[in-house]
Amino acid sequence: TECFFVEPKMVLLWHRCEEFCVYFCLFRVSLAPCAPKVLNNSQRTLKADASCTPKVNLMFMKTHKTASSTLMNVLLRFGEKHQLRFALPDGRNDFFYPSSFFRTQVKSYQPGLCYNIVCNHMRFNAAEVEKLLPADAFFFTILRDPAQLSESSFHYYKAYVPQTWRIPGGNQLEEFLNDPSRYFNPQGINAFYLKNLQFFDFGFENNLEADDVRVQESIEFIEKRFQLVLISDHFEESLILLKDTLCWQMDDLLFFKLNARNVTSVSPMSPELRTRAREWNGADWRLYRHFNATFWALVENYGRSRMEEQVRELRRRNAEMEAICIDGGGAVEAADITDGHMKPWQPIGKASILGYNLRSDIERQYEELCRKMLTPEIQYLTDLGVNLWVTRLWGWFKDSVVQFGLS
């Protein structure tokens, strides 16, 4: 019998030991080995290089505030195009984050089912993820400079973190980073959003100091488990490395920036404030520096001039699609988006996430691609058949009750 955590609707016996807790399942789980996905002739539109075969079994560890929604859109389009099987969440747009991931959280999960792509937010749990995918699955993720990430996370999530509500002043982030110990309670609700969020996403303890031996051990674990770690601060170069590693085509990596904030809601950070943010998020900073170094080693191995040429080509193709797809040529405030299906999710507080209007005169051959490239995550998951009732209930409460109370 294999025992693991399941959702509350399943029957559990709870046994408390002296210093740890164990779940016991009351049923037997038989695991069938996953077979690698092979594209048949009708699906084989991928043009493989003579020296490589396109990879289609993928685990993208979607970290928070790292341009991961833009990259997720790329993966959703690729998976749909090639009729791949997604492991999708059930009831909401993440796998019960911030709880640790368990495979029973997957929509319509049955023991032994095999999937090709996992790409929604989760708190990473390697043993459970690995049971969903073929043995040849490619694991990759994306990181961001924790100084920039902390600014983004603080403003996006602060309404969900009660301990930030009492921070005084016009620049709450600066006040917090000037003296974090004055305001930070590691046991507080959603406190992980304020310290080492990337470390937390990977399933590790986020309150470790940077010199703790467990930080280095965690970095070594990530290096062994993930074949590629991208850097969002160099997003286009990251996509080129991903294209080369997965043996994909340039058209597979075209993108529009999704889930981006209006620049008016971004707080400028002085060099001193960035330094304090990195010191406060010391584990994340150590994680980032390690994989930033490995990233640029990969770029050097790829070839700087070759990389510059490929980035130029990617920008050229993205600019072409922008002219074809986007009315007005750029992102707009949510209130200015005419199609309700294209409006992005907004955080509590000032609505600051931008979206797009589709052109009305798109050529038929580009209509579907344009719409998919511009569709926000929530709507895309709904189009894939996910019943996001929890997310939509929270959205109604947020917009109808919370926002009303703040107005």
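Just so it is clear, the values below take in all heavy atoms, side chains as well, and ignore hydrogens, waters and symmetry mates. Sequence positions, counted from 1, serve as the residue numbers for this chain.
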> Under the criterion side chain to side chain contact (heavy atoms under 4.5 Å, CB included), which of Leu71, Leu143, Thr63, Thr141 is the partner of Leu230?
Replying inline: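 The residue from Leu71, Leu143, Thr63, Thr141 that satisfies side chain to side chain contact (heavy atoms under 4.5 Å, CB included) with Leu230 turns out to be Leu71.
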Any donor-acceptor N/O pair, [X] side chain to [Y] backbone, under 3.5 Å:
{"X": "Gln198", "Y": "Pro146", "value": "no"}
{"X": "Gln148", "Y": "Asp233", "value": "no"}
{"X": "Ser232", "Y": "Ala67", "value": "no"}
{"X": "Arg317", "Y": "Met250", "value": "no"}
{"X": "Asn387", "Y": "Gly91", "value": "no"}
{"X": "Ser153", "Y": "Ser150", "value": "no"}
{"X": "Lys55", "Y": "Phe138", "value": "no"}
{"X": "Thr382", "Y": "Ile378", "value": "yes"}
{"X": "Asn262", "Y": "Ser352", "value": "no"}
{"X": "Ser238", "Y": "Ile231", "value": "yes"}

Under 3.5 Å, is there a donor-acceptor pair between the [X] and [Y] side chains?
{"X": "Ser265", "Y": "His155", "result": "no"}
{"X": "Tyr97", "Y": "Asp201", "result": "yes"}
{"X": "Glu205", "Y": "Asn207", "result": "yes"}
{"X": "His290", "Y": "Gln216", "result": "no"}
{"X": "Asn57", "Y": "Asn116", "result": "yes"}
{"X": "Glu377", "Y": "Asn93", "result": "yes"}
{"X": "Tyr183", "Y": "Asn178", "result": "no"}

Nearest 0.5 angstrom please: [X] [atom1] to [Y] [atom2], how far?
{"X": "Trp285", "Y": "Leu287", "atom1": "CH2", "atom2": "CG", "value": "11.0 Å"}
{"X": "Gln346", "Y": "Asn259", "atom1": "CD", "atom2": "CG", "value": "8.5 Å"}
{"X": "Asp327", "Y": "Asp336", "atom1": "CG", "atom2": "CG", "value": "11.0 Å"}
{"X": "Thr164", "Y": "Tyr157", "atom1": "OG1", "atom2": "OH", "value": "13.5 Å"}

Please collect all salt bridge (Lys or Arg N to Asp or Glu O under 4.0 Å) contacts where either partner lies in [range], sequence neighbours excluded, each pair once.
{"range": "residues 167-189", "value": "Glu175-Arg182"}
{"range": "residues 149-159", "value": "Glu151-Arg261"}
{"range": "residues 286-295", "value": "none"}
{"range": "residues 292-311", "value": "Asp244-Arg306, Glu300-Arg304"}

> Does the pair Val299 and Leu241 meet the rule for a side-chain contact (heavy atoms from CB on, under 4.5 Å), with working shown?
Replying inline: CA-CA 8 Å; Val299 171; Leu241 287 181; 4.0 Å; yes
Between [Y] and [X], is the closest basic N to carboxylate O distance under 4.0 Å?
{"X": "Lys243", "Y": "Asp252", "value": "no"}
{"X": "Glu368", "Y": "Arg371", "value": "no"}
{"X": "Glu220", "Y": "Lys224", "value": "no"}

Any non-hydrogen side-chain atom of [X] less than 4.5 Å from a side-chain atom of [Y]?
{"X": "Arg278", "Y": "Asp145", "value": "yes"}
{"X": "Ile324", "Y": "Cys370", "value": "yes"}
{"X": "Val161", "Y": "Ile189", "value": "no"}
{"X": "Phe154", "Y": "Ile167", "value": "yes"}
{"X": "Phe235", "Y": "Lys257", "value": "no"}
{"X": "Phe96", "Y": "Phe101", "value": "no"}
{"X": "Val129", "Y": "Phe139", "value": "yes"}
{"X": "Phe102", "Y": "Asn125", "value": "yes"}

Distance-minimising heavy-atom pair for [X] and [Y]:
{"X": "Asn73", "Y": "Arg77", "value": "OD1-NE, 2.7 Å"}
{"X": "Arg359", "Y": "Ala323", "value": "CD-O, 3.3 Å"}
{"X": "Tyr115", "Y": "Leu113", "value": "OH-CD1, 3.5 Å"}
{"X": "Ile142", "Y": "Ser68", "value": "CG2-CB, 4.3 Å"}
{"X": "Gln172", "Y": "Gly169", "value": "CG-O, 3.8 Å"}
{"X": "Leu194", "Y": "Asn281", "value": "O-OD1, 3.9 Å"}

>> Using the rule given for side-chain contact (heavy atoms from CB on, under 4.5 Å), can you reason through Arg225 versus Phe124, listing the C-alpha separation, both sets of side-chain angles and the distance that settles it, and then say yes or no?
In response: CA-CA 11 Å; Arg225 176 60 277 185; Phe124 188 62; 4.1 Å; yes
> Excluding sequence neighbours, so at least two apart, what forms salt bridge (charged side-chain N to carboxylate O under 4.0 Å, His left out) with Arg274?
Replying inline: none
> Quick one: are the ring centres of His64 and Phe200 less than 6.0 Å apart?
Replying inline: no
> For the residue pair Phe140 and Phe226, is the inter-centroid distance of their aromatic rings smaller than 6.0 Å?
Replying inline: no
>> With side-chain contact (heavy atoms from CB on, under 4.5 Å) as the criterion, how do Ile240 and Met307 come out once you've worked through the C-alpha distance, each side chain's angles and the decisive distance to 0.1 Å?
In response: CA-CA 7 Å; Ile240 298 304; Met307 175 61 74; 3.7 Å; yes
> Would Val118 and Met122 count as a side-chain contact (heavy atoms from CB on, under 4.5 Å) if you check the C-alpha gap in whole Å, the side-chain angles of each, and the deciding distance to 0.1 Å?
Replying inline: CA-CA 10 Å; Val118 182; Met122 66 168 66; 3.6 Å; yes
> Which class fits the ring pair Phe78 and Trp248: parallel under 30°, tilted 30 to 60°, perpendicular over 60°?
Replying inline: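 Ring orientation of Phe78 relative to Trp248: parallel.
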> Should Glu320 and Tyr366 be marked as a side chain to side chain donor-acceptor pair (under 3.5 Å) after you check the CA-CA gap, both sets of side-chain angles, and the distance that decides it?
Replying inline: CA-CA 11 Å; Glu320 286 181 352; Tyr366 294 112; over 6 Å; no
>> Tell me every residue that passes side chain to side chain contact (heavy atoms under 4.5 Å, CB included) with Glu236, counting only those two or more places apart in sequence or in another chain.
In response: Phe255, Val311, Leu314, Arg315
>> Using the rule given for salt bridge (Lys or Arg N to Asp or Glu O under 4.0 Å), can you reason through Glu217 versus Arg214, listing the C-alpha separation, both sets of side-chain angles and the distance that settles it, and then say yes or no?
In response: CA-CA 5 Å; Glu217 291 172 350; Arg214 288 171 289 178; over 6 Å; no
